[in-house]
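One structure is given here, and the rest of the page talks about it.
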Amino acid sequence: MAMTDSTGSTWRYRWAHRQNDRRQRAFRQADEAWRRRDDELRRLRTLAGSFHGSVEAGAGLPIELAPGEVVFWTLPAAQLVEVRHTAVLPAPELTVDPEPPVVRPRRPEGVKVVDAGLAVLTNRRLVLLGGRGRRDWTYGRMTGLSHDPGAPVTLIQVLDRRRTSGLLLPTGAVADFRFKLTLAFADAIEQRAAVVAQLDELIAEHEAVRPARPAVLTPAQARVSALLPGGRRTVAVGAALALIVPAMLFESDPPVRPGSDVASAATPAATATATPAPPPIAPAVQVKPRPTPQRTRTAPATAPSRSAAPRPAAERRCGAPANPYGYDFCGGQRIRKPAAGICDWFECAPGFWSGRGWLVQCRDGAVSLTGGQRESCAANQGYRRTFWT
């Protein structure tokens, strides 16, 4: 027997069942994605804290390790690539990408494969033992490093080599290689603690956005608008039309009967026997024409300033400059891709768009995209605080 409410209807129970089922399915999908990302961050945090390479992993390799040198990673199917003409690559950094991009098995334009062989990653260098010889990239002489966001290619620039070169790897080995290269470079400059602290912060940020289980809706919460196709949206559209149509009819001109102008033209101007016309009757409602705005060439009294941002008066900023993007110092998520017009509202540091971190404020008040780097705001008196959204 179907369940009914106090009026004997069953639509309220059907509505509650549909809404609860939809909300639970959406929650399960969001929670599953959140758990996968949480597991990956904690796995990387464990590696950053406990993985320090192994001397035994170098046994049997056709390479002689220096005293204190340990092996972090090896791959027998790496390809050596070179770029004939390239710009200066960004300096190596210790940033861990919280969402690694999906790479495709392709070779970018301008990149040429020149050799293939065994790749060995240690705490001091990256080596490729190929059929045509050996190629070394020592961390101490490394000046530029770039991971292609869409292809499994990593390019490296060093002081003693004019041509930019690097590795082309299988797509399944890219994420592990790039993370262990970050750890190896951090060990070379004695900054492993910075990588660990960055992962701890990423885990804390991820924990703050954990999906919350939705509350269970009851039949008593169903509204009559749920019976209409489209629900409350249909009711809102109908109410808007009910207000707009009478207003349009009220402001429109009264209809004119066809032939009335001809009849008035055929009437004599004046006759002796013409009866006096009745006095005109004033309309019940007098509609005044809308005033036409007059354009003037007078300049405004004051020019608009950056402080007059189109933001609600009660919106929090925690000391951040007024801006229409909602950037503040109150907490939330880091800003890695700021809006294109940010420099219209903030004092951007020189070379702002070449930064490779998150949005921060420097001690001199300028904003910079160098958050998370070793020398954040180095040219602007140092780092002060992070912007959030």
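Please read these numbers as outputs of a predicted model, since none were measured by experiment.
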* To do: Give the C-alpha distance, both sets of side-chain angles, the deciding distance and a yes or no for side chain to side chain donor-acceptor pair (under 3.5 Å) between Thr182 and Arg178.
  => CA-CA 6 Å; Thr182 300; Arg178 293 180 179 181; over 6 Å; no
* **Side chains of Thr122 and Trp73, donor plus acceptor under 3.5 Å** => no
* Structure fact -> What one should report as the nearest heavy-atom pair of Gln79 and Leu128 is C-CD2, 4.5 Å
* To do: Would you mind checking if Arg163 and Glu82 are paired as a salt bridge, meaning a charged N to carboxylate O distance below 4.0 Å?
  => yes
* Give a yes or no on this: more than 12 heavy atoms of other residues, nucleotides or ligands lie within 6.0 Å of atom CD of Glu375. => no
* To do: Check whether any side-chain N or O of Thr370 sits under 3.5 Å from a backbone N or O of Cys377 as a donor-acceptor pair, and report yes or no.
  => yes
* To do: Keeping the roles fixed (side chain from Gln198, backbone from Leu94), state whether a donor-acceptor pair exists under 3.5 Å.
  => yes
* Side-chain heavy-atom pair Val83, Leu155 within 4.5 angstrom cut-off -> yes
* Return yes when atom NE2 of His17 has more than 12 non-hydrogen atoms of other residues, nucleotides or ligands closer than 6.0 Å, and no otherwise. => no
* Asked: Below 4.5 Å, heavy atoms only, C-beta onward: do Gln191 and Phe185 meet side chain to side chain?
  -> no
* Given the rule in the side-chain contact (heavy atoms from CB on, under 4.5 Å) test, do Arg14 and Trp11 qualify, once you have shown the distances and angles that lead to the verdict? -> CA-CA 5 Å; Arg14 291 196 299 269; Trp11 69 269; 3.6 Å; yes
* Would you give the length of the straight line joining atom CZ of Arg213 to atom CZ of Arg28, rounded to the nearest 0.5 angstrom? => 8.5 Å
* May I ask you to decide if Thr138's main-chain N or O and Asp136's side chain share a donor-acceptor pair within less than 3.5 Å? => no
* **Sub-4.5 Å side-chain heavy-atom contact between Val360 and Phe387** => no
* Asked: Does any N or O in the side chain of Gln24 come within less than 3.5 Å of the main-chain N or O of Asp21, such that one atom is a donor and the other an acceptor?
  -> no
* **Side chains of Leu202 and Arg45 in contact at under 4.5 Å (non-hydrogen atoms)** => no
* Test Leu217 against Arg23 for side-chain contact (heavy atoms from CB on, under 4.5 Å), laying out the working first. => CA-CA 10 Å; Leu217 299 178; Arg23 290 156 64 97; 4.0 Å; yes
* **Closest non-hydrogen atom pair between Arg125 and Glu64, with its separation** => NH2-O, 3.0 Å
* If Ile, Leu, Val, Met, Phe, Trp and Tyr residues are connected whenever their side-chain heavy atoms lie under 4.5 Å apart, and connections chain through other members, are Phe179 and Ile156 in the same group? -> yes
* **Contact check, side chains of Glu32 and Arg36, non-hydrogen atoms, under 4.5 Å** => yes
* Do Val55 and Leu61 belong to the same hydrophobic cluster, where Ile, Leu, Val, Met, Phe, Trp and Tyr are linked whenever their side-chain heavy atoms lie under 4.5 Å apart, directly or via other members? -> no
* Asked: Between Arg35 and Glu40, does at least one N-O distance fall below 4.0 Å, as a salt bridge requires?
  -> no
* Asked: Which heavy atom of Cys330 sits nearest a heavy atom of Trp388, and at what distance?
  -> N-CD1, 4.3 Å
* Structure fact -> Output for pair (Asn380 CG, Glu347 CD), nearest 0.5 Å, gives 11.0 Å
* Flag the pair Ser54 / Val70 as yes when at least one side-chain heavy-atom distance between them is below 4.5 Å, and no otherwise. => no
* To do: Please check if the side chain of Trp345 supplies one atom and the backbone of Cys343 the other of a donor-acceptor pair under 3.5 Å.
  => no
* To do: Please answer whether the main-chain N or O of Leu129 pairs with a side-chain N or O of Arg135 as donor and acceptor at a distance below 3.5 Å.
  => no
* Asked: Which is it for Gln361 and Tyr383 under the side-chain contact (heavy atoms from CB on, under 4.5 Å) test, yes or no, and what are the steps along the way?
  -> CA-CA 7 Å; Gln361 185 185 46; Tyr383 165 82; over 6 Å; no
* Looking only at heavy atoms, what is the nearest atom pair of Pro211 and Phe27, with distance? -> O-CE1, 3.7 Å
* Structure fact -> When Leu126, Leu145, Asp148, Val81 are each screened for side chain to side chain contact (heavy atoms under 4.5 Å, CB included) with Thr154, the one that passes is Leu145
* Ignoring hydrogens and angles, state whether a donor on the side chain of Thr46 or Arg42 is under 3.5 Å from an acceptor on the partner side chain. => no
* **Rounded distance (nearest 0.5 Å) linking atom CG of Leu44 with atom CG of Leu183** => 8.5 Å
* Check whether any side-chain heavy atom of Trp353 lies under 4.5 Å from a side-chain heavy atom of Pro338, and answer yes or no. => yes
* To do: List the atom of Ile335, the atom of Leu369, and the distance in Å for their closest heavy-atom pair.
  => O-CD2, 4.1 Å
* Could you check if a side-chain atom of Leu359 sits within less than 4.5 angstrom of a side-chain atom of Ile342, using non-hydrogen atoms only? => yes
* To do: To the nearest 0.5 Å, tell me how far Arg356 CZ sits from Gln373 CD.
  => 8.0 Å
* Would you say the side-chain atoms of Asp115 pair up with the backbone N or O of Arg132, donor to acceptor, closer than 3.5 Å? -> yes
* To do: Give a yes or no on whether the backbone of Gly341 and the side-chain of Tyr325 come within a donor-acceptor separation of less than 3.5 Å.
  => yes
* Asked: Is Val120 linked to Trp137 within one hydrophobic cluster, defined over Ile, Leu, Val, Met, Phe, Trp and Tyr using a side-chain heavy-atom separation of less than 4.5 Å?
  -> no
* Asked: Can you tell me if Arg107 uses its side chain to pair, donor with acceptor, with the backbone of Val111 under 3.5 Å?
  -> yes
* To do: Grab the two heavy atoms, one from Phe352 and one from Val367, that are nearest each other, plus how far apart they are.
  => CD1-O, 3.5 Å
* Do the side chains of Ile189 and Met142 join up, straight or via other hydrophobic residues, at under 4.5 Å, putting them in one cluster? -> yes
* Got a second to check how far Arg385's CZ is from Cys318's SG, nearest 0.5 Å? -> 9.0 Å
* Would you sort out whether Thr95 and Arg336 count as a side-chain contact (heavy atoms from CB on, under 4.5 Å), showing the intermediate values? => CA-CA 12 Å; Thr95 302; Arg336 298 179 181 271; 4.2 Å; yes
* **Distance-only side-chain donor-acceptor flag, Gln157 / Thr164, under 3.5 Å** => yes
* Glu207, CD: over 12 other non-hydrogen atoms inside 6.0 angstrom -> yes
* Asked: Any link between Val71 and Leu121 through a network of hydrophobic side chains (Ile, Leu, Val, Met, Phe, Trp, Tyr) touching at under 4.5 Å?
  -> no
* Asked: Rounded to the nearest 0.5 Å, how far apart are CZ of Phe346 and OG of Ser368?
  -> 13.0 Å
* Asked: Can a donor-acceptor pair be found between the side chains of Asp187 and Asn123 at a distance below 3.5 Å?
  -> no
* Is a side-chain N or O of His206 found less than 3.5 angstrom from the main chain of Trp34, in a donor-acceptor match? -> yes
